[in-house]
Amino acid sequence: MDRPHEKYQRLIERCQTLAPTPTAVAHPCDQSSLEGAVEAAKLGLIAPILVGPSARILSLAETWGLDITGMQIVDAPHSVAAAEMAVQLVREGKAEALMKGSLHTDELMGAVVKGATGLRTARRVSHCFVMDVPNHDDALIITDAAVNIAPTLEVKADILQNAIDLAHALHFDEVRVAVLSAMETVNPKVPSTLEAAALCKMMDRGQVTGALIDGPLALDNAIDMEAARVKGIKSPVAGRANVLLVPDLEAGNMLAKSLSFLAGADTAGIVLGARVPIILTSRADSLIARLASCAVAALVAQARRESTKVLG
């Protein structure tokens with residue numbers, strides 16, 4: 001039987017062979033966000049740059065007994081300014097990842113996607129949950145459950161490529177993508193089944209690369225071999241998927257939260273498609289999930305550095 005958090009522990013251990021990733025932490029002004037940054041630094045996952053009201057950060061550290069000795073603090077008067085300053089540190093090459101503190105996601109992402117001063121690339125920005133589900137052998141990537149509300153086929157292609165690239169950065173042995181719907185057959189009355197079929201053909205034509213893909217698949221026959229067998233689905237993905245592409249944000253959000261609150265899964269969150277990985281955590285996240293999110297970002301940053309060397 002899988003020991004608790006074994007999949008996350010493997011990620012964290014892999015990162016500890018790397019140099020800590022310089023990370024701009026935007027507005028770490030509550031206990032959980034500052035503690036997450038401090039603990040990730042202790043494990044050597046990140047080298048935090050704390051961006052926010054310096055007096056408040058110092059007071060908080062003292063109140064909760066958190067050792068921030070030696071950590072750089074960049075003063076910013078409020079959360080919006082902290083988000084903008086954190087993004088600027090990335091643009092200046094001083095940080096290779098962003099981490100959300102105690103500000104609203106919209107405030108951080110607003111600074112990330114801002115035209116001339118943000119961190120946009122040609123790729124659409126999207127979110128991935130990396131989930132450690134008890135009694136499930138592999139980590140599961142679920143996308144997109146937090147950023148793109150009702151993605152078009154074009155946007156889904158970017159979401160898919162972001163997730164595949166993430167799976168490679170996490171050293172998945174084989175990336176197997178299930179494009180989810182409510183059924184496993186193409187039905188013209190259900191648009192998500194048509195888009196699933198189109199994404200499979202886009203993979204065939206090299207418009208998306210780096211994975212095995214099948215869809216439409218229902219959740220049961222995507223992750224359970226017996227369910228796939230009963231339905232007569234013969235596919236290298238069915239029953240074995242480790243990346244789940246959901247039809248829309250509502251479906252993804254409900255799937256991820258169902259796994260968290262009903263199945264006891266832990267949830268690491270990351271935003272991809274910007275110039276650097278963005279660690280997006282929730283106040284409800286456990287410390288191990290926050291650390292896993294930092295580990296995921298560190299591995300993505302490492303993959304990005306290696307890719308840049310190859311291109312260079």
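Residue numbers count from 1 along this sequence.
With contacts defined as side-chain heavy-atom distances shorter than 4.5 Å, the pair Val87/Arg91 qualifies. Using a 4.5 Å cut-off on side-chain heavy atoms (C-beta onward), Ile12 and Gln16 make contact. In this structure the side chain of Pro53 reaches within 4.5 angstrom of the side chain of Cys29, judged on heavy atoms. Looking only at side-chain heavy atoms (C-beta outward), Asn242 and Ile223 stay at 4.5 Å or farther from each other. In this structure, Ile141 and Leu244 have side chains that are not in contact, with every pair of non-hydrogen atoms separated by 4.5 Å or more. With a 4.5 Å cut-off on side-chain heavy atoms, Pro216 and Leu180 do not count as touching. In this structure, the side chains of Val125 and Ile278 stay at 4.5 Å or more apart for every pair of heavy atoms. Taking 4.5 Å as the limit, every side-chain heavy atom of Gln72 sits out of range of all side-chain heavy atoms of Leu50.
Residues Ile142 and Ile164 do not share a hydrophobic cluster, defined by chaining ILVMFWY side chains whose heavy atoms lie under 4.5 Å apart. Using a 4.5 Å cut-off between side-chain heavy atoms of Ile, Leu, Val, Met, Phe, Trp and Tyr, with links allowed through other members, Leu66 and Ile57 fall into the same hydrophobic cluster. One hydrophobic cluster, built from ILVMFWY side chains closer than 4.5 Å, cannot hold both Val25 and Ile49; they sit in different ones. Under the 4.5 Å side-chain heavy-atom criterion for grouping Ile, Leu, Val, Met, Phe, Trp and Tyr, Leu170 is connected to Val177 within one hydrophobic cluster. Taken together through direct or relayed side-chain contacts under 4.5 Å among Ile, Leu, Val, Met, Phe, Trp and Tyr, Leu287 and Ile279 form part of one hydrophobic cluster.
Scanning both residues, Ala238 and Leu217, for their nearest heavy atoms gives CA-CD1, 4.2 Å. Ala40 and Cys294 get closest at one heavy-atom pair: CB-SG, 3.7 Å. Contact record, Gly269 with Ser293: N-OG, 3.0 Å, taken as the closest heavy-atom pair. Closest heavy-atom contact between Ser181 and Val190: OG-CG1, 3.8 Å. When all heavy atoms of Pro236 and Leu212 are compared, the closest pair comes out as CB-CD1, 4.0 Å. The nearest pair of heavy atoms linking Ala169 to Leu299 is O-CB, 3.7 Å.
A distance of 4.5 Å separates CG of Asp30 from OG of Ser102, quoted to the nearest 0.5 Å. Atoms CD and CG, from Glu250 and Leu255 in turn, are 13.5 Å apart once rounded to the nearest 0.5 Å. Expressed to the nearest 0.5 Å, how far CD1 of Ile68 lies from CD1 of Ile73 amounts to 4.0 Å. How far CG of Asp266 is from OG of Ser260: 7.5 Å, rounded to the nearest 0.5 Å. In this structure, the separation between CG on Leu280 and CG on Leu108 is 7.0 Å, given to the nearest 0.5 Å. Rounding to the nearest 0.5 angstrom, the gap separating the OG1 atom in Thr267 from the CZ atom in Arg290 is 12.0 Å.
For residues 195-206, the pairs satisfying salt bridge (charged side-chain N to carboxylate O under 4.0 Å, His left out) are Lys156-Glu195, Lys201-Asp204, with sequence neighbours left out.
Residue His104 places its NE2 atom among 12 or fewer non-hydrogen atoms of other residues, nucleotides or ligands, all under 6.0 Å distant. Other residues, nucleotides and ligands contribute more than 12 heavy atoms inside 6.0 Å of the CD atom of Glu226. Within 6.0 Å of CE in Met202 there are more than 12 heavy atoms belonging to other residues, nucleotides or ligands.
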(request) List the steps, then state whether side-chain hydrogen bond (donor to acceptor under 3.5 Å, both in side chains) holds for Asp214 with Ser235. (result) CA-CA 7 Å; Asp214 197 7; Ser235 156; 2.8 Å; yes

(request) For Thr21 and Leu45, run side chain to side chain contact (heavy atoms under 4.5 Å, CB included): C-alpha distance rounded to whole Å, both residues' side-chain angles, the deciding distance at 0.1 Å, then the answer. (result) CA-CA 6 Å; Thr21 300; Leu45 304 175; over 6 Å; no

(request) Would you sort out whether Val175 and His168 count as a side chain to side chain contact (heavy atoms under 4.5 Å, CB included), showing the intermediate values? (result) CA-CA 7 Å; Val175 185; His168 285 293; 3.7 Å; yes

(request) Give the intermediate values and the outcome of side-chain hydrogen bond (donor to acceptor under 3.5 Å, both in side chains) for residues Glu13 and Gln9. (result) CA-CA 6 Å; Glu13 287 165 12; Gln9 293 292 354; over 6 Å; no

(message) side chain to side chain contact (heavy atoms under 4.5 Å, CB included), that's the test. Do Ile213 and Val237 meet it? Break it down for me.
(response) CA-CA 7 Å; Ile213 179 172; Val237 172; 5.6 Å; no

(request) Report the C-alpha separation of Thr281 and Ser33 in whole Å, then their side-chain angles, then the decisive distance to 0.1 Å, and conclude whether the side chain to side chain contact (heavy atoms under 4.5 Å, CB included) test is met. (result) CA-CA 8 Å; Thr281 54; Ser33 61; over 6 Å; no

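For the side-chain contact (heavy atoms from CB on, under 4.5 Å) criterion with Pro277, the lone passing option out of Leu98, Val296, Val300 is Val300. Among Asp158, Asn148, Asp144, the single residue meeting the side-chain hydrogen bond (donor to acceptor under 3.5 Å, both in side chains) criterion with Arg124 is Asn148.
The backbone N or O of Gly206 lies less than 3.5 Å from no partner atom in the side chain of Thr209, so there is not a single donor-acceptor pair. For Tyr8 (side chain) and Ala295 (main-chain N/O), no donor-acceptor pair under 3.5 Å exists by modelled atom type. Using modelled atom types, one side-chain atom of Lys7 and one backbone atom of His136 make a donor-acceptor pair closer than 3.5 Å. Looking only at distances, a side-chain donor or acceptor of Thr121 sits under 3.5 Å from a matching main-chain atom of Gly273. Proximity of a side-chain donor or acceptor of Gln302 to a complementary backbone N or O of Leu18 within less than 3.5 Å is not detected. At distances below 3.5 Å, not a single donor-acceptor pair connects side-chain atoms of Glu184 with backbone N or O atoms of Asn221. Formation of a donor-acceptor pair under 3.5 Å by the Thr63 side chain with backbone atoms of Ser59 is found in this model.
Ionic pairing of Arg176 and Asp138 is present here: one or more N-O contacts between side-chain nitrogen and carboxylate oxygen are shorter than 4.0 angstrom. The pair Arg123-Asp165 meets the salt-bridge criterion, since a charged nitrogen lies less than 4.0 angstrom from a carboxylate oxygen. Using a cut-off of 4.0 Å between Lys/Arg side-chain N and Asp/Glu carboxylate O, Glu84 and Lys114 are scored as salt-bridged. A salt bridge between Arg304 and Glu96 is absent, with no side-chain N of the basic residue lying under 4.0 Å from a carboxylate O of the acidic one.
Shown here are the ring pair (Phe, Tyr, Trp, His ring centres under 6.0 Å) partners of Phe129, two or more places apart in sequence or in another chain: His127. Qualifying side chain to side chain donor-acceptor pair (under 3.5 Å) partners for Asp75, counting only residues two or more places apart in sequence or in other chains: Ser54.
Under the 3.5 Å distance criterion, with hydrogens and angles disregarded, a donor-acceptor pair is assigned to the side chains of Glu92 and Gln88.
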